[in-house]
Amino acid sequence: MSLPNESLSKYSIPADIFAEALVRCGIKYVVTVPDMLQIALHQRLDRAIDGIFSINCTTEDQAVETAAGLYAGGARAAIIVQNQGFYAAINSVRALGLDSGIPLFFIIGQFGREFSNLGQDPRRSKRRMVRMLEPLLETLEIPYWRLETHNDEENIEKAFYSSRERKGPAALIVGHFIGFEN
Amino acid sequence: MALTSLEACSVIAKHRDGNIVVTTMGAMNAMDALPPHPLTVACVPLMGGAACLGLGLALAQPTRKVFVLDGDASLLMELGGLVSVAQAMPGNYFHFIFNNSIQFAGLGNLPTPAQHKTNFVALAMAAGYAHAYSFSNKEMLAASLDEIFQKNAPAVIELKIAYEKPILGKQRPSIEMTDARFTRMGDELRCIRSTLGIPAET
């Protein structure tokens, strides 16, 4: 199925809207193995106009560990990864988020999601990469919020504050490419 | 003659003042034998995680030094962490690698993949660390740390560490992990926050 760009844009949250929400959360660091769906957000953050520093790690485990260290040192952080990167980091999530009770705010891109699934339930994606994310989070007892349309923008802050309140991981699932700035 | 982990930790502890220490593996056991400190966290059970746990602490607390007391086998699990640290370039980050070339030291003494060939000093410099050193002698380590701490960081300080004979065998075939093994890292991270005076809700 092929959709024109103007049809796809309703699933794209603009990078500036996203960055402003992170600023409202008081986030000072984004720790990341970059996500293809969030290239626009990465580029926005790399311009250093939001007062948020990007720390690029070589594995998602390291991103989790760095975020936990930032928390212990008093700095707020977001962890931006892809779904497959989250899958790779489960032991660090277990150790620091679940066993240790460290607030970890994940922003997870649904890499590989077919466009025909946009506007549909990602659990019905034909791709295992996509459809296994939410059931896995539920298995790990990690709450999550979807970012599928502009109506979901408030979920950015909901997911962040959930991680603080529950003292553990919480996830925002980014369903489509973040919108590029003009 | 190689250092023992306890000797190395005793030397490092004399320099810690108000600095933060992240331990793991054999260094954790050795630090546990010294008086406790509220700015120490053991990265356990999370083999490989110490380097970047320390990176986050170093970025958040730039006015304090962070000493990461890593193991060779644990660093090997996340060797790319050298690059992550070098990219962030924290000037307060000192990465001690307790290199005994074995895994499960004192338990089973299994050889690491790096036992005979890998040069950690060269790896650190190639990754982009500012400095890298190697010591196998307590006196040389003790005499050098002040100068090392005055130079640019991040720095690797490799320590050639001796190890004990393994205790696991037919006479003692198993050891059970305590519950505290799974809770201490979180407790110690929260202790660091409170010791630093960070409000609970931040």
Side-chain angles (χ1 to χ4, degrees), chain A residues 25-34 46 51-79 81 85 88-105 160-169, chain B residues 20 22 24 39 41-64 66 68 77-90 92-93 127 179 181-202:
Chain A
C25 293
I27 287 168
K28 296 296 180 189
Y29 288 92
V30 162
V31 193
T32 183
V33 177
D46 285 346
I52 298 173
F53 298 98
S54 289
I55 304 297
N56 286 38
C57 294
T58 62
T59 69
E60 290 79 4
D61 283 309
Q62 294 163 27
V64 173
E65 293 145 9
T66 303
L70 285 163
Y71 170 79
R76 292 184 172 188
I79 304 166
V81 295
I90 295 297
N91 190 47
S92 296
V93 175
R94 186 276 310 161
L96 287 159
L98 301 175
D99 284 351
S100 296
I102 302 301
L104 298 171
F105 172 39
F160 171 76
Y161 284 108
S162 171
S163 72
R164 317 302 286 195
E165 289 162 8
R166 73 184 299 259
K167 297 179 173 56
Chain B
I20 297 167
V22 181
T24 194
L39 293 178
V41 56
C43 186
V44 65
L46 182 56
M47 187 172 170
C52 283
L53 190 61
L55 172 60
L57 282 159
L59 293 170
Q61 290 289 317
T63 63
R64 298 172 189 269
V66 173
V68 175
M77 288 190 71
E78 292 191 29
L79 195 55
L82 290 173
V83 175
S84 300
V85 170
Q87 169 74 17
M89 212 62 181
N92 56 339
Y93 186 98
D179 288 343
R181 187 95 168 177
F182 295 89
T183 57
R184 67 176 289 184
M185 180 162 57
D187 292 341
E188 290 168 358
L189 288 170
R190 282 181 285 276
C191 181
I192 287 175
R193 278 177 64 90
S194 63
T195 302
L196 295 173
I198 298 163
E201 69 276 11
T202 300

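Here is how names work: the chains are called A, B, and so on, in the same order as the sequence lines, proteins then strands, and each is numbered from 1.
Most heavy-atom pairs under 4.5 Å with chain A, from the set B:Thr183, B:Ile192, B:Leu189: that is B:Leu189. In terms of heavy-atom pairs under 4.5 angstrom with chain B, the leader among A:Lys167, A:Glu65, A:Glu165 is A:Glu65. Note on A:Val64, A:Thr66, A:Ile55: by heavy-atom pairs under 4.5 Å with chain B, the leading option is A:Thr66. With chain A as the partner, the residue from B:Glu78, B:Met185, B:Glu188 showing the most heavy-atom pairs under 4.5 Å is B:Glu78. When each of A:Thr58, A:Leu96, A:Ile102, A:Thr59 is scored by its heavy-atom pairs under 4.5 Å with chain B, the top score falls to A:Thr58.
Proximity of B:Arg181 to B:Val44: side-chain heavy atoms (C-beta onward) are separated by under 4.5 Å at one or more points. You'll find the side chain of A:Gln62 stays beyond 4.5 Å of the side chain of B:Leu55, heavy atoms only.
Remark: B:Arg190 engages B:Asp187 in a salt bridge, criterion side-chain N to carboxylate O under 4.0 Å.
Closest heavy-atom contact between B:Pro199 and B:Arg193: O-NH2, 2.9 Å. Between A:Ser92 and A:Asp61 the shortest heavy-atom distance is OG-OD1, 2.7 Å.
With a threshold of 4.5 angstrom between heavy atoms, B:Leu196 approaches chain A through side-chain atoms but not through N, CA, C or O. Using a 4.5 Å cut-off between heavy atoms, A:Tyr29 contacts chain B through its side chain alone, with no backbone atom that close.
Among residue pairs with one or both ends in residues 94-103 of chain A, those qualifying as salt bridge (charged side-chain N to carboxylate O under 4.0 Å, His left out) are A:Arg94-A:Asp99; sequence neighbours excluded.
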